[in-house]
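Shown next, in structure tokens, is the structure this report addresses.
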Amino acid sequence: MSTLQTRERGRTATPPLAPPAKRDRGSRIRTALWTGLLALPAVAFFVVFAYLPMAGLVVAFKEFNIADGVFGSPWNGLDNFRYFFSSGEASRILLNTLLLNTLFLAATLAAGITLALMLNEIRGRFFKRVAQSTIFFPYFVSPIVISIILQVLLAGVGGSGGAVNDALGGLGLPTVSWYTEPGPWPWILTIVKVWQMGGYMSVIFLAAITAIPDEVYEAGMIDGASRAQMAWRITVPLLRPTAAVLLVLGVGRIFYGDFGTIYAIVGDNGTLFPTTDVIDTYVFRALRELGDFGTTAAVGLFQSVVGFVLVVTAVLIQRRYAKESSIL
Amino acid sequence: MSISRRRLLAAGGGLSIAALLGAAGCGDDSSDGSGGRTLKLLLPGDAPKESWDTVLAEVNKRLKADLGFTIDPQFIAWANYGNQALLKFTAGESFDTALQARWLNMTQLVASKSLVPVDALLASGKYKNLSDNLDPKLIELNKWSGKLYGIPQVNSAARLHHFCMRQDLAEKLGFSAITDFQTLERFLYAVKQKEKGVTPLAVSSNMPDLLIANTPIGWLNEYSWENPNQSGQAFTGNSIPFFMAADAKATGSARPVPFWEAPGILDALRAVRRYYQDGLINHDALNVDSNTLRSQFEAGRYATRWAMTDGLSSQSAAPLAKAVPGATLANIMPLRGGLTAKPNQTFQADNFVVLNVKGQSNEQAMQLEDWVSIKANHDLIQYGIEGTDWKPAGDDKYEAITSYSTFPGYALSWRAKLERKLSTISQTEDEIFTWAQNYDNFTVDPFASFVPDPEPVKRENAQVTAAMTQYGNPLFIGAVDVDKGLDSLKKAVEKAGLAKLQTEMEKQANEYLKG
């Protein structure tokens, strides 16, 4: 059966809508007006905080100076974009940004699904609630606190100790000077992200699991499926739409370097930059040193445009291969 | 009671309008509520934990009576101060004064005409208390292109980075006085070998260049201990330091070289690498901030830490003695010959109170600076309520009762002639602080009032600064191999525009030498 036929069948199968009740025209206009008024705060919010600031993007093409202001500063073409791409660091920074965010996205999605499946299998209601709250808690922990916890674990006071090194020493393994070795940091940061976001993601997936009708599982039981088979053959496939939406949202932000976590943990430690420096941390340093708003705006615009292209691409791919879960 | 859909919508719409009108009504209020003006000041750090409200209320009571206005200081955390203060200037906010400095955004703010030059205001004769407390040399040497762009906040004539160390440990290990580099090195190794749990040297993430490439003296730069007369300049705070020719004044040619070409630097880099590998320097130096390090020092975890010639490092004595009974402090100036060495000095202030061109009243901002230059007012804002927060100890010292006395005077009210010393100041810090207050104890640097303008090389300077953070800082603290690290740094800064920076620095410095 062709797609068209399926669509046609779907259309004919849908019961016709009841004709709208006749309403007074004035009443409808009044309702529309009040509804519009009700939406006004949200519209005003987005206009003020999302759309009006877009005018500031003009700074990306200007030699910005404070005295002349945003619109009075002279134009400088693409100079602000050249700053970033002529630094010689652009390729490494772009690669780090993509690699780290892909790792974060894949790991947090996988952790979220796994944790949700595990939580779903817990029968004791009290224990389930406690476990859920416990794994959700790291979501509220500030990146600064995370950086302190990490320092205690990896370095200790003075940077030559730490619980991890103590454990390595106990096992007869050589200790590592974690804060001068760039190699392990993509994995350390990924572990931190999973710890931080795994619980949060699992709640979203748990909500999706609760929406799966009981009849589907009952059918599975009748067919003689074990719990593991039901999880693998029923729950996981039915979580695909939720995972797809989260993936698309994540892909849209893949060019944003999770500045808060990375900067709080790595700071200005240059020895770790080869594997941890991302667009946001690089630009933040440039801004902090010189207050160069033009460059910052240029890189921000670059990130947004690439993010937009990625979202559109991801949605189109999703529509092509999993139309039932497409957000468009 | 059920509510009809229409009523619900009407209520929602009404609330929306009320919220919008309410938001629109939130405007800037610069009145103190009694008809007088309130000056808005930007200050870095946190408000003092104790007594701040009481002291501020008393300050405002007196200000209102004396001058007819009050103040509303806004504290911004140090970590965000540079960015937020700059954003407030950029956004055209109408605050009146702010702390600024070359190592913050002052160069950019001067270039963009965001600051009010204060020369003419000072010369008007209306602010006699302020003028009387600013040394003419201080004003002369802090002018940029002939103009003074802020009130220098200093409590001494010269500012030199040096060490604060555990004197009890030094005596225990047989080092009663440290006056040369070799003795210091032996002391650091002795601490490492004999004092378990104590790291010899505390280095924080914002000070790696102070160890080696700072002029006139670097802590761990033996050459500069012996020759404290090197001149150095950088376009901005964390950019690459250029060292000037020693005979620049005589020849009129600055001939700036990147720091690694200056005498003694390579030896110092190799020595620091050895110290790092031998565990004399904390291995988390690139991550740990200065506040954390200070608290660890006060807990007895370190033998030496940073100090400045402002008489404040002895504030650590009381908490340290509480954590480690019997612990005492002493300060070491990294100069062979001690305080007779006459090191170079630019006498340029580290901090300034600047006037915002968008401020409501530059006159009142200057009146405030004049008002805090009167001893009674200065004592109040600086040390708190007499009898509650502090007690006088002689004419020039005070005994701290509460922690209020850590008020950031450098951001508002430091006046060298009015400052009191802590009654518990260590003998060595007292000597150094007193020494630093006399201009005659120093050699005036040939580039004393030279402030390079980064505008012509803005972009290259930004990229070089980024490269210095990545490759320079690890090199300065010894975290990477010297040859490999220096090679990486050279490649990065050359690609970023080192040659252009060097040429521009030479051009500007030579022009300055011509006068």
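Sequence lines set the chain letters: A, B, ... in the order given, protein chains first and strands last, and positions in each chain run from 1. Atom set for the values below is all heavy atoms of this structure, side chains included, hydrogens, waters and symmetry mates excluded.
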* Euclidean distance, B:Gln470 CD relative to A:Arg92 CZ, rounded to 0.5 Å -> 4.5 Å
* Tell me, out of B:Asp284, B:Thr107, B:Asn282, who's got the most heavy-atom pairs with chain A below 4.5 Å. => B:Asp284
* Pairs touching residues 176-196 of chain A that satisfy salt bridge (Lys or Arg N to Asp or Glu O under 4.0 Å), sequence neighbours left out -> A:Lys193-A:Asp258
* Decide yes or no for A:Asp79 and B:Arg459: does some side-chain heavy atom of the first lie under 4.5 Å from some side-chain heavy atom of the second? => yes
* Count the heavy atoms belonging to other residues, nucleotides or ligands that lie under 6.0 Å from CZ of B:Arg301, then report whether that count exceeds 12. => no
* Asked: Can you check whether A:Asn269's main-chain N or O pairs, donor with acceptor, with B:Asn473's side chain at less than 3.5 Å?
  -> no
* Proximal component of A:Ser177, with respect to chain B [non-hydrogen, under 4.5 Å] -> side chain
* **Atom of A:Ile265, atom of B:Asn287 and distance for their closest heavy-atom approach** => O-ND2, 3.0 Å
* Asked: Stepwise, does the side chain to side chain contact (heavy atoms under 4.5 Å, CB included) test hold for A:Asp268 with B:Leu286?
  -> CA-CA 7 Å; A:Asp268 285 338; B:Leu286 293 172; over 6 Å; no
* To do: Tell me, for A:Ile148 versus chain B, whether the close heavy atoms (under 4.5 Å) come from the side chain, the backbone, both or neither.
  => neither
* Which value, rounded to the nearest 0.5 Å, describes the distance between B:Gln463 atom CD and A:Tyr282 atom OH? -> 5.0 Å
* Please flag which part of B:Tyr276 lies under 4.5 Å from any non-hydrogen atom of chain A: side chain, backbone, both or neither. => side chain
